[in-house]
Amino acid sequence: MGTTTRFHRAASAGNVLPLKEATRWEVNTPDENLLTPVLLAAANGKAHALSVLLKRGADLSKTDRLGCTALHLAASAGHRECVECLLRAGVNVYEMNTAGRTALDVARLARAFEVAEQLERFQAGLSTARTEQLRKRAAKQYEKLKQRYGTVIALNLGDSFKALEEHTALEESV
């Protein structure tokens, strides 16, 4: 289990100077809550800090305890600039959290409609082949999440069938 470092604090506050000194290992180190500096910057809407962290080698596949990626966190908080930054960096828009929800799903649930529209436009711009490739990769990642956080998923998904039905309904409407 990690501890909160100066890079975690800098990312949360959007303080870019210390982040420019961070190594790849430091930008990907989780704190005691499994939050990396990238996750903290995205959750707090610090797009410039997020950009610096991405340049320093941030791993976009890192998740918090609920399986939320930086894109999930930015989308649920309505941080459009962070979402744009992550999309430009090549994040998989189809990654799911432990509840089986994508960033688009959490944006809709959080009523972050501008971000939801932004994600919908991005997804619509993907080719069919690219969409299929990303969905397959997301399904594999979701299987890894289930193995890693199996007990968390079981606890969080008391409404698992409802969540999966919602996700399926959302996918079918696209």
Side-chain angles (χ1 to χ4, degrees), residues 11 24 27-28 30 34-149 153 156-157 159-174:
R24 175 178 290 242
V27 300
N28 292 306
L34 294 184
L35 297 171
T36 64
V38 174
L39 294 172
L40 290 166
N44 289 296
K46 306 302 180 186
H48 192 62
L50 184 58
S51 179
V52 170
L53 291 165
L54 291 169
K55 289 175 186 170
R56 303 299 299 164
D59 181 353
L60 292 176
S61 67
K62 295 284 187 181
T63 66
D64 66 8
R65 291 185 189 279
L66 298 176
C68 292
T69 63
L71 186 60
H72 283 95
L73 298 174
S76 67
H79 299 307
R80 287 189 338 242
E81 288 181 29
C82 289
V83 168
E84 183 62 36
C85 181
L86 292 163
L87 292 174
R88 280 194 313 268
V91 70
N92 186 343
V93 293
Y94 296 104
E95 290 282 334
M96 293 177 277
N97 62 16
T98 58
R101 292 192 168 105
T102 65
L104 176 56
D105 299 336
V106 298
R108 286 176 178 156
L109 289 170
R111 305 181 69 74
F113 298 120
E114 288 181 24
V115 169
E117 288 175 15
Q118 179 183 22
L119 291 167
E120 287 169 348
R121 282 191 306 272
F122 181 83
Q123 288 178 359
L126 295 172
S127 69
T128 304
R130 182 70 176 143
T131 297
E132 192 172 315
Q133 178 187 37
L134 291 172
R135 285 183 187 212
K136 284 181 182 177
R137 192 177 306 152
K140 286 180 184 177
Q141 189 65 26
Y142 183 64
E143 290 303 316
K144 288 180 185 177
L145 269 180
K146 287 197 307 189
Q147 290 175 358
R148 184 173 181 192
Y149 299 113
I153 289 174
N156 287 342
L157 289 184
D159 297 325
S160 62
F161 293 109
K162 181 179 177 189
L164 291 173
E165 287 172 5
E166 287 174 11
H167 181 72
T168 303
L170 288 172
E171 289 298 313
E172 288 173 357
S173 69
V174 173

With side chains defined as the heavy atoms from C-beta onward, is the minimum distance between [X] and [Y] less than 4.5 Å?
| X | Y | value |
| --- | --- | --- |
| Val93 | Thr102 | no |
| Met96 | Leu145 | no |
| Leu104 | Gln123 | yes |

Check your understanding: Could you go step by step and tell me if Val106 and Leu73 meet the side-chain contact (heavy atoms from CB on, under 4.5 Å) rule?
Key -> CA-CA 9 Å; Val106 298; Leu73 298 174; over 6 Å; no
Point to revise | By salt bridge (charged side-chain N to carboxylate O under 4.0 Å, His left out) - contacts of Lys55 (at least two apart) | key: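 Not a single residue meets the salt bridge (charged side-chain N to carboxylate O under 4.0 Å, His left out) criterion with Lys55.
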Exercise for review: Please list, chain by chain and in numerical order, all residues satisfying salt bridge (charged side-chain N to carboxylate O under 4.0 Å, His left out) with Glu120, sequence neighbours excluded.
Suggested key: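 So Glu120 forms a salt bridge (charged side-chain N to carboxylate O under 4.0 Å, His left out) with Arg108.
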Point to revise | Trace of the side-chain contact (heavy atoms from CB on, under 4.5 Å) decision for Lys136 with Tyr94 | key: CA-CA 9 Å; Lys136 284 181 182 177; Tyr94 296 104; over 6 Å; no
Taking all non-hydrogen atoms of both residues, which atom of [X] and which atom of [Y] are closest, and how far apart?
| X | Y | answer |
| --- | --- | --- |
| Ala107 | Val115 | CB-CG1, 4.1 Å |
| Thr98 | Arg65 | CG2-O, 4.4 Å |
| Ala49 | Ala41 | CB-CB, 4.3 Å |
| Ala58 | Val38 | CB-CG2, 3.0 Å |
| Leu40 | Asn44 | O-ND2, 2.8 Å |
| Leu66 | Asn97 | O-CB, 3.3 Å |

Check your understanding: Considering residues at least two apart in sequence or located in another chain, which fulfil the side-chain contact (heavy atoms from CB on, under 4.5 Å) criterion with Ser61?
Key ->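 Residues passing side-chain contact (heavy atoms from CB on, under 4.5 Å) with Ser61: Asp59.
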Exercise for review: List in chain and number order the residues that pass side-chain hydrogen bond (donor to acceptor under 3.5 Å, both in side chains) with Arg137, two or more places apart in sequence or in another chain; answer none if no residue qualifies.
Suggested key: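 Not a single residue meets the side-chain hydrogen bond (donor to acceptor under 3.5 Å, both in side chains) criterion with Arg137.
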Within this structure, what is the [atom1]-[atom2] distance for the pair [X] and [Y], rounded to the nearest 0.5 Å?
| X | Y | atom1 | atom2 | value |
| --- | --- | --- | --- | --- |
| Gln133 | Thr131 | CD | OG1 | 9.5 Å |
| Asn28 | Lys62 | CG | NZ | 5.5 Å |
| Phe122 | Arg88 | CZ | CZ | 11.0 Å |
| Leu35 | Cys68 | CG | SG | 10.0 Å |
| Glu95 | Leu60 | CD | CG | 9.5 Å |
| Arg24 | Leu53 | CZ | CG | 12.5 Å |

List the atom pairs, with distances to 0.1 Å, where a side-chain N or O of residues 78-87 and a protein N or O form a donor-acceptor pair under 3.5 Å, not counting sequence neighbours.
residue: His79; atom: NE2; partner: Ala43; partner atom: O; Å: 3.1
residue: His79; atom: NE2; partner: Gly45; partner atom: N; Å: 3.4
residue: Arg80; atom: NH1; partner: Glu114; partner atom: OE1; Å: 2.3
residue: Glu84; atom: OE1; partner: Gln118; partner atom: NE2; Å: 3.3

Review point. Taking 4.0 angstrom as the limit, do Lys146 and Glu143 come out as a salt bridge?
Key: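 Looking at Glu143 together with Lys146, the answer is yes, because their closest N to O distance falls below 4.0 Å.
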Review point. Stepwise, does the side-chain contact (heavy atoms from CB on, under 4.5 Å) test hold for Phe113 with Arg111?
Key: CA-CA 5 Å; Phe113 298 120; Arg111 305 181 69 74; 3.9 Å; yes
Point to revise | Residue pairs passing the side-chain hydrogen bond (donor to acceptor under 3.5 Å, both in side chains) test where at least one lies in residues 66-77, sequence neighbours excluded | key: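 Those involving residues 66-77 are Thr69-His72.
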Review point. Does Asn92 reach the main-chain N or O of Leu134 with its side chain, forming a donor-acceptor pair under 3.5 Å?
Key: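 Looks like yes, one N/O pair under 3.5 Å.
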Exercise for review: Take Arg101 and Leu109 through the test side-chain contact (heavy atoms from CB on, under 4.5 Å) and record every step on the way to the result.
Suggested key: CA-CA 10 Å; Arg101 292 192 168 105; Leu109 289 170; 3.1 Å; yes
